Amino acid sequence: MSTTILSKVEQIKSNSDYLAGKIATQLKNSNSFFEEDEIQLLKFHGTYQQFNRDTATDLKRKGLEKEFSFMIRTRIPGGVLNYQQYIDLDNLSSEFSDSSLRITTRQTFQFHGVLKKNLKRTISNISKMLITTYGACGDVVRNVTTIAAPIKDVIHEQLRKDALMISSKFIPSSTSYGQIWINGDKYEYKNKEKNEPIYGKSYLPRKFKIGITIPEDNSVDVLTNDIAIFLIHKNNKVLGYNIAVGGGLGMTHNKPETFPYLAKPILFCDKSNLNIVLEEIIKIQRDYGDRTNRKHARLKYLVAEKGTSWFKKKIEKQTNLIFKNPTEINNLKIIDHLGWHEQGDGKWYLGIFIPSGRIKDNKNIKIKSGLREIINNFKPSVILSTDQNIFLGDILEKDKDLIEKILEKNLIIKKITKVDRWFLACPALPTCGLALAEAERVRDELVDKINKTLLKHNLIDEKISIRITGCPNGCARPYAGDIGIVGRTPNHYALYTGGDFEGSRLSSKILDKISYQNLVKALEQIFILFKKQRNKDESFGNFCYRIGKDLQFKKIKEVLNDSVQ
Ligand code: SRM
Ligand code: SF4
């Protein structure tokens, strides 16, 4: 008889007394770090222990301790904040973090570089703003994403309501969070009041993501979520929801049993059944997801192995309801919301471009100060987007020029190329413990080089989405855009093309390994092919998909010979 050996994290979760572990005790000691079990549990509380990767090797050689610090991730459903929350978060970042606020690809904020001695103060201060970090990470439903543009119509308002409702319903309910971070001194390990009606004491087998949008605007890359919801509407009325399951991008190089996957449609449900359908899918993952191997534990593996009709039948059996098949959706679009737009009630919203989502001041460009001045003076609503940008809403017509002047004074970028506009980069080095190569830190240089190459070939106005990550986990969704550049080893990347701009098709690997120095040269060969052989109005991603990877590989090989694999 075979016995199931649970993964180490499973044991840590189930022995944690609903996420308490020894976090409270270890918070009080003088170490600059937590022990291994607590590091895992801290994720559920919204924080990751990290260390400065730039200095670690040198410090080790000298027999010194790494420079430990904490990344704190908030949970901001739909990315929606009020102006006061923004200002308070900005203050907190100046006081306790590396002073930047970083907009993530799931439209929330991260703080980097918080020291252990400031961790409790930072998290409890965040909770005073009526924002939480609970369930921002860990094996639970994480930040729920939707369209950021604050459009005031029935459909967009419904999307925001739904994102908030889903996030609230699936936030962990154990009282550990409140006891550790807010009333820590009163904490008792054996508190029996805690429970998790949906998750149970071992929570989910793996992280779980939900996104909701409309087919007319897939700016949230919804199909990369474990549950992808399309709100279906007609004449300003919600008809119901198309539910797709199993999106997820993480994979490991050279392990074909791990793969990126787009969510597959399973059913259509009406408004009154959305909650119950989501809950049943989560329970299926809770009960059937793989708890022995974390590399095989995402919902996508269950979907790939069991098939979509298994899911539908299971949900129907559990709910005692019969669901229609999903509505056919075959023409996804993405709307560019940056710049000024009328929001639907006479007021305006402004989408501001933030490279890599990093809100900070540097020598020339004062993004942090500029945003603060605008938000302080005009008190707009503030919304973070899944492409790492920021939106300010509820602006009066008369204030637009004044806001423009503040943007100009702080040199906040207004004119950008198409490549810059759609380029995403994950944080990678020096904070991310999993990074194999650089991403955010080479972003601007790479964009510059690619722009020059496109200009040379008269392609600068082409809309091409490029995403770079420091490793194959896919945090900037590299396999879902036109071009994916994926960290392979230090200074080397795998290159992916042939996905589509609209996020309905994944890309394929063209090169397994190319140096950073040769990357743009390789891309140039594909741009040359595109220029010569594209069909009329064919997009870059569709072109690469049509000609296939062999031709692209051959063309790159002609120029770069043995320096590519
Ligand atoms: Fe991610 C792990 C950053 C969105 C897939 N991700 C990490 C960690 C926490 C590294 C770690 O485990 O030690 C990174 C922290 C780096 C740092 O210094 O901040 C990290 N992920 C990010 C962010 C900040 C990237 C960004 O550029 O903004 C995004 C935070 C989102 C949020 O607010 O919740 C972020 N991560 C994503 C996405 C995109 C998405 O969700 O739309 C993905 C791909 C979709 C998916 O989930 O499959 C993603 N992150 C991963 C994975 C691979 C998961 C898998 O199934 O294999 C890992 C590694 C893991 O979980 O083992 C990971
Ligand atoms: Fe880190 Fe990899 Fe995610 Fe980039 S893609 S943040 S390197 S885990």
Side-chain angles (χ1 to χ4, degrees), residues 9 39-40 42-43 46-53 69-77 79 97-98 100 102-113 133 135-145 205-211 220-226 228 246-253 255 258-263 289 293-301 354-358 384-388 424-441 443 467-480 484-488 493 503:
V9 177
I39 292 173
Q40 295 304 328
L42 279 167
K43 296 178 185 175
T47 182
Y48 274 74
Q49 180 167 307
Q50 302 184 319
F51 59 89
N52 184 342
R53 303 238 347 237
S69 69
F70 291 79
M71 175 269 271
I72 300 178
R73 190 181 288 167
T74 53
R75 184 178 172 107
I76 306 178
S97 82
D98 64 0
S100 75
R102 189 172 181 290
I103 307 170
T104 73
T105 53
R106 294 194 70 77
Q107 68 187 150
T108 185
F109 270 135
Q110 276 187 188
F111 293 78
H112 284 109
T133 65
C137 325
D139 297 341
V140 290
V141 173
R142 298 190 173 190
N143 203 39
V144 180
T145 56
R206 204 60 164 91
K207 56 173 63 165
F208 199 97
K209 300 181 174 177
I210 302 181
V220 303
D221 265 334
V222 78
L223 294 172
T224 60
N225 286 271
D226 294 83
L249 299 181
M251 56 157 237
T252 308
H253 290 301
K255 291 221 179 319
T258 66
F259 46 81
Y261 204 64
L262 289 183
N293 173 7
R294 287 183 69 79
K295 295 244 176 243
H296 184 255
R298 291 292 291 272
L299 183 72
K300 64 183 174 183
Y301 297 109
I354 312 285
S356 293
R358 188 71 70 173
L384 313 176
S385 76
T386 53
D387 55 6
Q388 305 172 320
L424 301 183
C426 75
L429 295 163
T431 51
C432 180
L434 306 178
L436 305 170
E438 298 281 356
E440 186 179 327
R441 289 199 294 197
R443 180 201 189 278
R467 289 140 180 220
I468 183 170
T469 55
C471 86
N473 282 319
C475 299
R477 298 186 290 272
Y479 320 110
I485 301 168
V486 177
R488 182 77 174 78
Y493 297 85

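Counting convention: from 1, in listed order, for ligands and their atoms alike. Just so it is clear, the model here is predicted, and its values are computed rather than measured.
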Would you mind listing which atoms of ligand 1 come within a distance below 4.0 Å of any non-hydrogen atom of [X]?
X      : result
Thr108 : 33 (O)
Thr431 : 17 (C), 18 (O)
His112 : 17 (C), 18 (O), 19 (O)
Gln388 : 26 (C), 27 (O), 28 (O)
Gly248 : 48 (O)
Gly250 : 48 (O), 53 (C), 55 (C), 57 (O)
Ala425 : 27 (O)

Counting only heavy atoms closer than 4.0 Å, does ligand 1 sit against the backbone of [X], its side chain, both, or neither?
X      : value
Asn473 : both
Arg206 : side chain
Arg142 : neither
Cys432 : both
Ala428 : neither
Lys295 : neither

* Output yes if Cys432 passes the N/O/S-under-2.8 Å test against atom 3 (Fe) of ligand 2; output no otherwise. => no
Any N or O on [X] sitting closer than 3.5 Å to an N or O of ligand 1?
X      : value
Lys300 : no
Gln110 : yes
Gln50  : yes
Leu249 : yes
Arg298 : yes

Non-hydrogen atoms of [X] versus ligand 1: any pair closer than 4.0 Å?
X      : answer
Arg294 : no
Gly474 : yes
Gly211 : no

Atom indices of ligand 2, in the order listed, that fall short of 4.0 Å to a heavy atom of [X]:
X      : value
Ala435 : 7 (S)
Asn473 : 8 (S)
Pro427 : 6 (S)
Gly470 : 4 (Fe), 7 (S)
Cys426 : 4 (Fe), 5 (S), 6 (S), 7 (S)

Less than 4.0 angstrom from a charged side-chain N to a carboxylate O is my criterion; do [X] and [Y] meet it?
X      : Y      : value
Arg443 : Glu438 : no
Asp226 : Arg298 : yes
Asp221 : Arg477 : yes

* Shortest protein contact, atom 2 (C) of ligand 1 (heavy atom only) -> Lys207 NZ, 4.0 Å
* Just need the protein heavy atom nearest to atom 7 (C) of ligand 1, so name the residue and atom and give the distance. =>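 Of every protein heavy atom, Cys475 SG, 3.9 Å lies nearest to atom 7 (C) of ligand 1.
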* Between Phe259 and Tyr301, is the gap from one ring center to the other below 6.0 Å? -> yes
* Contact flag Cys426/atom 1 (Fe) of ligand 1, N/O/S atoms, threshold under 2.8 Å -> no
* To do: Give the C-alpha distance, both sets of side-chain angles, the deciding distance and a yes or no for side-chain contact (heavy atoms from CB on, under 4.5 Å) between Leu262 and Thr224.
  => CA-CA 5 Å; Leu262 289 183; Thr224 60; 4.1 Å; yes
* Asked: Does any N, O or S atom in Cys471 come within less than 2.8 Å of atom 2 (Fe) of ligand 2?
  ->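 It does: Cys471 brings an N, O or S atom closer than 2.8 Å to atom 2 (Fe) of ligand 2.
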* To do: State if Ala439 counts as touching ligand 2 under the rule of any non-hydrogen atom under 4.0 Å.
  =>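 Ala439 does not count as a contact of ligand 2 under the 4.0 Å cut-off.
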